[in-house]
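For clarity, every value in this text was computed on a predicted model and none was experimentally measured. Numbering of ligands and ligand atoms starts at 1, following listing order.
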Amino acid sequence: MFRKILIANRGEIALRVICACKDLGIKTVAVYSEADRYSLHVRFADEAVCIGPAKSTRSYLNIPAVISAAEITNSDAVHPGYGFLSENAEFAEVCQLSGIRFIGPRPDAIRMMGFKQLAREAMKKAGIPVLPGSPGILKDAEEAVAIADRVGYPVMLKAAAGGGGRGMRVVYHRERLPDLFHQAQQEAAAAFSCPDMYLEKYLAGPRHIEFQILGDEDGNVEVLGERECTIQRRHQKLLEEAPSPSVSPQLRREIEERLRKAMAGVGYTNAGTVEFLMDERGELYFIEVNARVQVEHPVTEAITGVDIVKSQILIAAGAKLPDILPLPITLRGHAIECRINAEHPETFIPCPGRITGMNLPGGTGIRVDTAAYTDCVISPFYDSLVAKLVAHGKDRAEAIARMSRALEMLVVEGIYTSAPLHQKILADADFRAGRFNTHYVEKFLPDAVRNSG
Ligand code: MV4
């Protein structure tokens, strides 16, 4: 087992990893930027190393700085959290070459999942349903037109190295395709240093559903059910739940069975998330794999009783899934997460600043993951997540009731937060009935904002 783990992250996820390490009796090393000197991950880790200025490219994304911190502290392993270096195959490689265990998938698996078209081909070959589209990377705009004619419009052009919505274009008309192809290609080249594009049939107003995977180095893969992540705006998830109100036990069993084989087939290890889109008919189509622990992992922890971060650490240390998981995995009740962001309630523009006073809710069925405290500063340099409220209940109605109660008892003074929007969503009849798609949040926004956004 590891003696000491360096956490290459900040905020609530750094604290989350520290908690898992403390539970396992493992020493922790925090790294921090000059802006994070007074952050809780620095305070609660056993050791802390400053790795550079506030700008993340010079600190949390600075591979030599992170590796040096691991070396001078004699750390056995690095946990990357989410974001920053978590899906950087080169970083994972440098860790291994420096004799530091990277707590995540192997570099080649991270690389494959980063090339979305490669992942798509591999999943298709393994029997996972994908949307009709190009068989590989598009050679040029002419080939794109030929394939789009076959697939039928609308189609979506996607950057092979993309993700999070950048380098994507929806194409409704044949005549517009060459132009949009070149636009998307240029955006992709600028953003990811890779102009490769592929295309898929476009699904209008889908639901976004993702399955949680754990794999060990013996080739065992387990699926911990799915999360419903449809409630989002501009590719920022706002509220997630597990299980999805629109996945039947039969569909879950079917997808889980295929995913176990497919992910074992590509030799996937550690934690990962397989994302799907669901159409109006309730069919699921693979879109991409996230090779990291995700922000919304606590809803899966609530309904499975599995500590996902602890599992990541044990897997990286060589543990086998049958020895660390309560198999077979069973789902208990329903969980909801609300991401409380520092942002203006109407424009969704980040509103960093000092929190002058706060009360965090608790009580039966409530978990709060946060690194915020009274007098802390939500920095403009990083994401605007202030806290994750997680409610667990025997069913969806009880989880909703507990979340509403938690939101009422949440106080954050000195900054604006998204909490009022969450209250509106939880009170909405469509949300309560499970009637929503990816366009759902737009209806809560004032017309002026909706039109300009
Ligand atoms: C799509 C799609 C419709 N059809 N692919 C957005 C981010 C990236 N991970 C994939 N995304 C989408 N891919 C096809 N073929 C619609 C989206 C999409 C979306 C997906 C999930 C959640 C929110 C979304 C918001 C806009 C677009």
Contact summary for Val306 and Glu301, nearest pair of heavy atoms: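 Nearest pair, atom of Val306 first, then Glu301: O-CG, 3.1 Å.
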
Set of side chain to side chain contact (heavy atoms under 4.5 Å, CB included) partners for Ile137, sequence neighbours left out: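 For Ile137 the side chain to side chain contact (heavy atoms under 4.5 Å, CB included) partners, ignoring immediate neighbours, are Gln117, Ala160, Asp196.
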
Summary of ring pair (Phe, Tyr, Trp, His ring centres under 6.0 Å) pairs that have at least one residue in residues 255-310, sequence neighbours excluded: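 As it turns out, the ring pair (Phe, Tyr, Trp, His ring centres under 6.0 Å) pairs with a partner in residues 255-310, which skip direct neighbours, are Phe211-Phe276.
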
Pro352 vs Val377 side-chain heavy atoms within contact, under 4.5 Å: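 Not touching, per the 4.5 Å side-chain cut-off.
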
Partner set under salt bridge (Lys or Arg N to Asp or Glu O under 4.0 Å) for Glu87, not counting sequence neighbours: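 Residues passing salt bridge (Lys or Arg N to Asp or Glu O under 4.0 Å) with Glu87: Arg292.
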
Close-range residues for ligand 1, whose non-hydrogen atoms fall below the 4.0 Å threshold: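 Only Leu131, Met156, Lys158, Gly165, Met168, Glu200, Lys201, Tyr202, Leu203, His208, Gln232, His235, Glu275, Leu277, Ile287, Glu288, Thr438 have heavy atoms that fall under 4.0 Å of ligand 1, ordered by chain and number.
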
Note: Arg16-Glu12 ion pair, threshold 4.0 Å (strictly below):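 Looking at Arg16 and Glu12, the cut-off is not met.
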
